[in-house]
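Below is one structure, written out as structure tokens; the observations come after it.
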Amino acid sequence: MIVFPPRGYTSEEIRIFRGMEVCGDEKELLTVVLTVKNRKELLSETLRSISSQRALPAGMVTLVAVDNGSTDGAYNLLEYWVAYDAPEWLRVELLTEPRRGVCTARNTGLRAARGEWVMFFDSDDSMTPDHLASVVAAIGRSGRTADLIYWDVAFAGRNGKIGIHRAVPVGDVWYNVIMRGMLSTQRYCCRRAAVVAAGGWDEELEVWNDWELSVRIVAGGVSISEKPGKPTVIVREHADSITGSRFADKAGKREMAMDKVRSFARRNGLDRVARLTDMKGAVLAGDYAREGEAGLGRKLIESLAGYGAVSCRKLQMIAMSERLLGRGATLVTSVIERL
């Protein structure tokens, strides 16, 4: 049996965790939804990282693992892990979702979630040993005033190098959410009620579905707070990623997500969201050009200009800066927007 608190926690963390308990009874605070489809070898690393998490009070965190039709033995690995390697203090629920699509599986996990807060995680990423404890502590510090808490993540490139995608000060929330992807899947936890109120995951979207959902969540008026400190999530970049290794490989799929965000913005009078969405599209056009697909880029610019929210000249300037500078174009866009 786990006796809490184990060694390694600060007195402040212990105070926070104990303050979340209700008369010593178990209270599910956070549900982590892990979706799985194949990628057995990467999944084994993800599960090891969960097994290595610092212990928390029993019942405070639940992991809902949803298998989405794995055929390579990943489901059997999940079953073995649940039976033999899952942490004693962690509640685990193993589900299957035969309908294909990561968003379908995430919605299945969301419906099964019982925690006040929910966090989504991918089976090809990993957590440092402090991740869940730091998230719970952040909820304890900010949970009375915040509805959403975000953080930095580290990226493990295929070349073995580690880079950090830093969270930015909340400041201009819409710019950070739309242009910088501040709320990608691995970068936040949120009150479950806020995700449900936003409508959950759009099951028609294959890529940029987390970006599209983040717009609906923020539009709902959530209060946002930051979890400071070093990154506690490591995102792996690999050829079998859902987003693919080249933008052109998923041509049309990101545009579908942008169309949905643009329509949502117009229905709700969010004019700036619509403009920034078109500017994000111009960045994508520049990415197409960088990959040698200039025709795709020109076609996209023509389409974006047709919406009339951003001039063709500005869209072309953004696309050119992305083609020449790469990711630096998101900062250039903040200047161009004010021209």
* Is Leu300 reachable from Leu205 through a run of I, L, V, M, F, W or Y residues, each pair having side-chain heavy atoms under 4.5 Å apart? -> no

* To do: Show the numbers, then the answer: is there a side chain to side chain contact (heavy atoms under 4.5 Å, CB included) between Leu90 and Thr62?
  => CA-CA 6 Å; Leu90 179 68; Thr62 294; 5.8 Å; no

* Nearest 0.5 Å please: distance from the CG atom of Leu315 over to the CE atom of Met320. => 12.5 Å

* Between Arg191 and Asp147, is there a salt bridge with N-O shorter than 4.0 Å? -> yes

* To do: Verify the cluster assignment for Phe120 and Val196: are they in a single hydrophobic cluster under the rule of side-chain heavy atoms below 4.5 Å apart?
  => yes

* Roughly how far, to the nearest 0.5 Å, is the OG atom of Ser334 from the CE atom of Met279? -> 10.0 Å

* **Under 3.5 Å donor-acceptor, Arg323 side chain and Ala289 backbone** => no

* Asked: For the residue pair Phe121 and Val32, what are the closest heavy atoms and their distance?
  -> CB-CG1, 4.2 Å

* To do: Measure from NZ or CZ of Lys230 to the centre of the six-membered ring of Trp151 and say whether it is under 6.0 Å with the direction within 45° of the ring axis.
  => no

* Give a yes or no on whether Tyr188 and Trp174 share a hydrophobic cluster (residues Ile, Leu, Val, Met, Phe, Trp, Tyr; joining criterion: side-chain heavy atoms under 4.5 Å apart). => yes

Donor-acceptor contacts, no H, no angles, side chain residues 268-278, under 3.5 Å, sequence neighbours left out:
from	atom 1	to	atom 2	distance (Å)
Asn268	ND2	Phe264	O	2.8
Arg272	NE	Glu337	OE2	2.7
Arg272	NH1	Asp172	OD1	2.8
Arg272	NH1	Asp172	OD2	3.4
Arg272	NH2	Asp172	OD2	2.8
Arg272	NH2	Glu337	OE1	3.1
Arg272	NH2	Glu337	OE2	3.4
Thr277	OG1	Val273	O	2.7
Asp278	OD1	Arg262	NE	2.8
Asp278	OD1	Arg262	NH2	2.8

* Can you tell me how far CZ of Arg54 sits from OG of Ser134, rounded to the nearest 0.5 angstrom? -> 8.0 Å

* Asked: Is there a donor-acceptor pair closer than 3.5 Å between any side-chain N or O of Arg114 and the backbone N or O of Leu29?
  -> no

* Is Glu293 close to Arg246 at the side-chain level, that is, under 4.5 Å between some pair of heavy atoms? -> yes

* Report yes if the side chains of Met119 and Val33 come closer than 4.5 Å at any heavy-atom pair, otherwise no. => no

* **Co-membership, hydrophobic cluster, residues Met256 and Val261, 4.5 Å side-chain** => no

* Asked: Would Glu206 and Lys250 pass as an ion pair if we require N to O under 4.0 Å?
  -> yes

* Quick one: do Val135 and Ile149 satisfy side chain to side chain contact (heavy atoms under 4.5 Å, CB included)? Show the steps, please. => CA-CA 8 Å; Val135 170; Ile149 300 171; over 6 Å; no

* To do: State, with a plain yes or no, whether a side-chain heavy atom of Met182 is found less than 4.5 Å away from one of Tyr150.
  => yes

* **Full working for side chain to side chain contact (heavy atoms under 4.5 Å, CB included) between Phe247 and Arg290** => CA-CA 10 Å; Phe247 289 96; Arg290 281 166 58 86; over 6 Å; no

* Do you know which two heavy atoms are closest between Val36 and Ala74, and how far apart they sit? -> CG1-CB, 4.0 Å

* Note, Ile217 side chain near Val195 side chain (heavy atom, < 4.5 Å) -> yes

* Ionic contact status for Asp124 with Arg39, cut-off 4.0 Å -> yes

* Can you tell me which residue pairs pass the salt bridge (charged side-chain N to carboxylate O under 4.0 Å, His left out) test with a partner in residues 295-320, sequence neighbours excluded? => none

* **Atom pair CD1 (Ile301) and CD1 (Ile318), whose distance is rounded to the nearest 0.5 Å** => 8.0 Å

* Asked: For the residue pair Ser70 and Lys37, what are the closest heavy atoms and their distance?
  -> OG-CA, 3.3 Å

* Quick one: CD on Gln186 to NE2 on His131, what's the gap to the nearest 0.5 Å? -> 9.5 Å

* Is it the case that one hydrophobic cluster holds both Leu63 and Leu56, taking links as side-chain heavy atoms less than 4.5 Å apart, direct or via other members? -> yes

* Asked: Could you walk me through whether Lys227 and Arg141 pass the side chain to side chain contact (heavy atoms under 4.5 Å, CB included) check?
  -> CA-CA 9 Å; Lys227 178 175 83 71; Arg141 295 187 187 100; over 6 Å; no

* **Thr333 side chain reached by Lys280 side chain, heavy atoms, under 4.5 Å** => no

* Can you name the nearest heavy-atom pair linking Asp210 to Trp201, along with the distance? -> CA-CZ3, 3.5 Å

* To do: Return each pair, listed once, that meets ring pair (Phe, Tyr, Trp, His ring centres under 6.0 Å) where at least one residue sits in residues 28-85; pairs must be two or more places apart or across chains.
  => Tyr80-Tyr84

* Distance under 6.0 Å and angle within 45° of ring axis: Lys260 vs Trp208 -> no

* Can you name the nearest heavy-atom pair linking Asn209 to Arg106, along with the distance? -> OD1-NH1, 3.0 Å

* **Heavy-atom donor-acceptor pair, Glu79 side chain to Asn76 backbone, under 3.5 Å** => no

* Side chains of Asn68 and Glu97: do they bring a donor and an acceptor to under 3.5 Å? -> no

* Under 3.5 Å, is there a donor-acceptor pair between the side chain of Gln53 and the main chain of Thr128? -> yes

* To do: Supply the atom-to-atom distance Ile50 CD1 to Leu132 CG, rounded to the nearest 0.5 angstrom.
  => 7.5 Å

* Is a donor on one side and an acceptor on the other found under 3.5 Å between the side chain of Glu322 and the backbone of Gly286? -> no

* Is it the case that Ser49 and Ser126 place a side-chain donor and acceptor less than 3.5 Å from each other? -> no

* Asp85 versus Ser51, closest heavy-atom pair with distance -> O-OG, 3.0 Å

* To do: Please answer whether the main-chain N or O of Ala113 pairs with a side-chain N or O of Thr31 as donor and acceptor at a distance below 3.5 Å.
  => no

* To do: May I ask you to test the Met60-Leu30 pair for a side-chain heavy-atom distance under 4.5 Å?
  => no

* Do Leu34 and Val66 come within less than 4.5 Å of each other through their side chains, counting heavy atoms only? -> no

* Is the closest side-chain heavy-atom distance between Asp122 and Asp125 below 4.5 Å? -> yes

